[in-house]
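None of the values given here were measured: they were computed from a predicted structure. Residue numbering restarts at 1 for every chain, and letters A, B, ... go by the order of the sequence lines.
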Amino acid sequence: MFHPFVLPFSIGFTVMLVVLAVRYAYWLRGLSLVNRKRCLANLFSIQTLRGVSEILRESLLHLKIYKTNPVLGFMHMSLAFGWFLLIVGGKLETWYYTGDFANPIYYAIFFRYFEPVTSGFWMNGVMVFFMDFSLLLVLTGLALALAKRIRKKLVGMQNTTRHSVGNRVALTFLWLIFPLRLMAESATAGQHGGGGFLTASFGEWLFSGTWAASFEVPLWWAYSFSLGLFFLALPFSRYLHIPTEMVLILLKQWDIKQETGFRPQKGLQAFEVHACSSCGVCLDACPGINLAHDAFQASYFVKAVRENREVQSLATSCLNCGACNSACPVGIHLEGLRLDCRSQIFEQSQFNHSYLPVPMVLWRETTEVILYTGCMGRMQPKTSIAFKALLTEAGISFVHIDEKAGVCCGRPLALAGAKDQAVKMMTYNRDLINGHNGKVLVTTCPICYRYFSEEYQLDIPVQHHSQFLWELMNKGLLKREMQTLKLAYHDPCDLGRGSGCYEPPRNVLSAIGQLVANQKERDKALCCGNNLGSLSLTETTRQQITAKTVEVLTQNKPDYIVTACPLCKPTLSKQSRVPVKDLAELLLLTKHHAKGHPVSAQQYQKILDS
Amino acid sequence: MTQQKVAIIGAGPAGLQSAISLAEMGFLVQLFEKEKQPGGHLAHWHVLFPDRQPANEVLDALMISAMNPNISLITGAEISAIEPSGRKWQLKKAETLICEVDAVLLASGFKLFDAAQKEEYGYGIYPAVVTSSELEALFMHQKPWPFNENLESPKIGLVHCVGSRDAKCGNLYCSKVCCVTAVKQAIELKKTFPAAQVYSFYMDMRMFGLGYEELYHQAQMEYRVQFIRGRLSEASPADGQRIQVKAEDTLMGRPLKLTLDMLVLMVGMTPSVVLGNGSASVELKKPMFADGFVKMPGQALDDSRLQKPGLFVAGACKGPVTLPDVVKDAKATALDICNYLTEVL
Ligand code: SF4
Ligand code: SF4
Ligand code: SF4
């Protein structure tokens, strides 16, 4: 069974396989030794099976996209899964009819040309129906994709990705494949009979005349060409993401660890940047979308990395708020990738932290809480004062270790790409912390909290003050009554998405008032606009982001906006008409003001003195 | 012919002076003040730069001239909108009509920046942190000093540019008068507490007016005020009620820590109203973040007329300005209004 029209497909497909094999081999070789060992160790394990099932769920069914956006998910699912069904179905079909599993690949693809009419028992009907149904599924997805190009709102997206010329060529061939397959199969069905509910009726309607006989073979040629050209273009276009995502899923299942340094041409990072489908989910998640001058959003950043363009400005303007990271259905480590890119920029920069003193430990004071408020905390004394008053109220002993003097926790430096400098801060702080005999380290700053928990490896547990306060309330050490307060809670990036702490602050607030909802909460929360993560965003853009965030927070007319971060608070309060308070401040106010009336700044000291 | 009427919103120096000029030209003036007393910020000031003339002298002179039968002063009246009615304008307070006039002058002045917004300076938290306007009240003995007056040599710091030249606060402009006010207040402090150590933390010294530079010299040479170039980063509590400040001395290139008995924040000027641009009526709204002062269309040659005929603006609601300039602006605007009213007839 052969016809020359199978050649374009066969050549294109083979070239694609070879190119992919070469590229993947190169990238795999770029993995660190540890990671390569992990791959080998896990290759024949249950992890591989898990990987395959994840590939089914994510690469074919696109369940994650489906969850964020059902219409978009359906579009991706019908395209990918439909095509997958066609391939599997085609293989089964040829196997079933020829009894030979090892027939050439093209045979399954062009089966209906070689065997227009098949017969058999009930199985035949199922097969024929199944194949036409799969084709219909793909065509539906295609129609949606077309509609998305024309009107992005149709699939529920505010922003959609822009494509380069090369990608558009590949896209065109991709879009031609399935209509051409429909036409070719219908033409054969029209001329020779056979076909399922779709192809038979199409054939009858369009291609049953004798005049149509001359269309049949050219249509198969065209189908084969579009397939061949698409496969040829695939490794050089964004469609490379389809196979790459599958490999990435396997790699993750094999427990590959993040690699350090910015080397997107090989290793894990190469797989990650090429696994991005440019789905654009990260665009809608980004608080800076359409505001900043630079299109720095993850999708564009990853694309620029892929295309080996200048990416430093994109990496530095992003707020590093993590919203795209948690939204990305492919699970690309976008945050890590950007930080790695930054470390490259700041390799050269001059820092001088030689003035850092060495803390002297003469005796270790014993205390329940070691309180660390951080450099941002120094700028927000009300929060520290309030938290300390609450500790006193609950009868908890504490030592405020950076009250008189302190250095940064190091995360801002790490965000700026100067990890080595951050290490100096860590050493200093670790000594300072170890100089006290405390049960727990509590910090009022989410930035410090995240860094302490992720990097410091301390001997004592680390808590954010919201967590600690909720524990105190839970133990009955802090008692509050329900007030008639409507409270909007703002999730700080590093506390929520960064550290997964969503509930404790909400629990505290729910105990003193009514939490009002807004449309962007928890992992979807908008950044206040002042995340330290951005190194180059202009003040104006930041303020526009803040305005948007304040608008969302005040949607349901709260009496207070409450947050738990010394950076979010001043940022939001500059623009908000609704007063903005730290959780600790509000908790303190509700002790003295049963009705929850706002307290003027001047009354503050009096409250604390009493 | 009936006398033409002009309404003036705001009875600070700008409103008072234009009322006086217009009344002298023979127009009937209705002068609205939202506070209980006229005089604006001038009523709360001790002495004026650069000659240290007592503020009440100036205000009294204005008030005496304003005792003109053509002027009626209405206090406690906050105007919320101005609406056209034929060729005339109606002033509304909430929804009620207050009066109908031939021309309106907006002279609502400025608001002081709310220092509590910069929590890092501890205003409203630590009693030893006061604003420049509160310092004037201290000079006039309206309040007790926030430190022991018998201290041998109190240490006092003045911080420039609080809420001005600060993108984070949404105010990029310079408030113009606070540098020289700081110099004047530093001298006054030295006169009150001769042994005091007074530090002034500035970004630039903007001594643009006649006599200002001399005052600055005098402060340094005669009164030994220390001027330190650098922005304060934070204030934190020290022993007792004292305040510890951290700054960077950018001329010496080194960080600096000082413990002070009082910290004075030179609060800048911020807009008091923004004009809503409804199609016909003009709403007087509370300004939002970064709203800015009232913008004048024809800056260079004519900065008193809004694009709606019969609406005029004078004084500090257009932006930071010194008192003598306010008075001149008020007189010039009165003349513009007079010309307009004569043309209308
Ligand atoms: S980074 Fe993730 S969310 Fe963004 S376009 Fe790529 S795959 Fe989609
Ligand atoms: S980290 Fe935040 S600011 Fe940066 S691209 Fe992602 S969503 Fe946008
Ligand atoms: S006048 Fe001086 S203190 Fe005032 S804003 Fe300008 S530079 Fe700052």
Once the angle between the rings of A:F387 and A:H465 is folded into 0 to 90°, is it parallel (under 30°), tilted (30 to 60°) or perpendicular (over 60°)?
perpendicular
Atom group of A:R577 that falls short of 4.5 Å from chain B, counting heavy atoms:
side chain
Less than 4.5 Å to any heavy atom of chain B: does that hold for the side chain of A:E539, its backbone, both, or neither?
side chain
When the 4.5 angstrom heavy-atom criterion is applied to A:P570 and chain B, the contacting part is neither
Testing the 3.5 Å rule here: is there a donor-acceptor pair between the side chains of A:E585 and A:Y560?
no
Check A:N429 against A:C409 and note the closest heavy-atom contact, atom names and distance.
ND2-CA, 3.6 Å
In terms of heavy-atom pairs under 4.5 Å, which option from B:K257, B:M288, B:Q117 contacts chain A the most?
B:M288
Please look at B:K118 and chain A and tell me whether the side chain, the backbone, both or neither of the residue comes under 4.5 angstrom of a heavy atom of that chain.
neither
What part of A:Q543 gets closer than 4.5 Å to chain B, counting heavy atoms only: side chain, backbone, both or neither?
side chain
Got a donor-acceptor contact below 3.5 angstrom from the A:T443 side chain to the A:Y372 backbone?
yes
Under the salt bridge (Lys or Arg N to Asp or Glu O under 4.0 Å) rule, what do A:D494 and A:R411 come out as? Steps first, then yes or no, please.
CA-CA 11 Å; A:D494 275 334; A:R411 182 162 160 82; 3.1 Å; yes
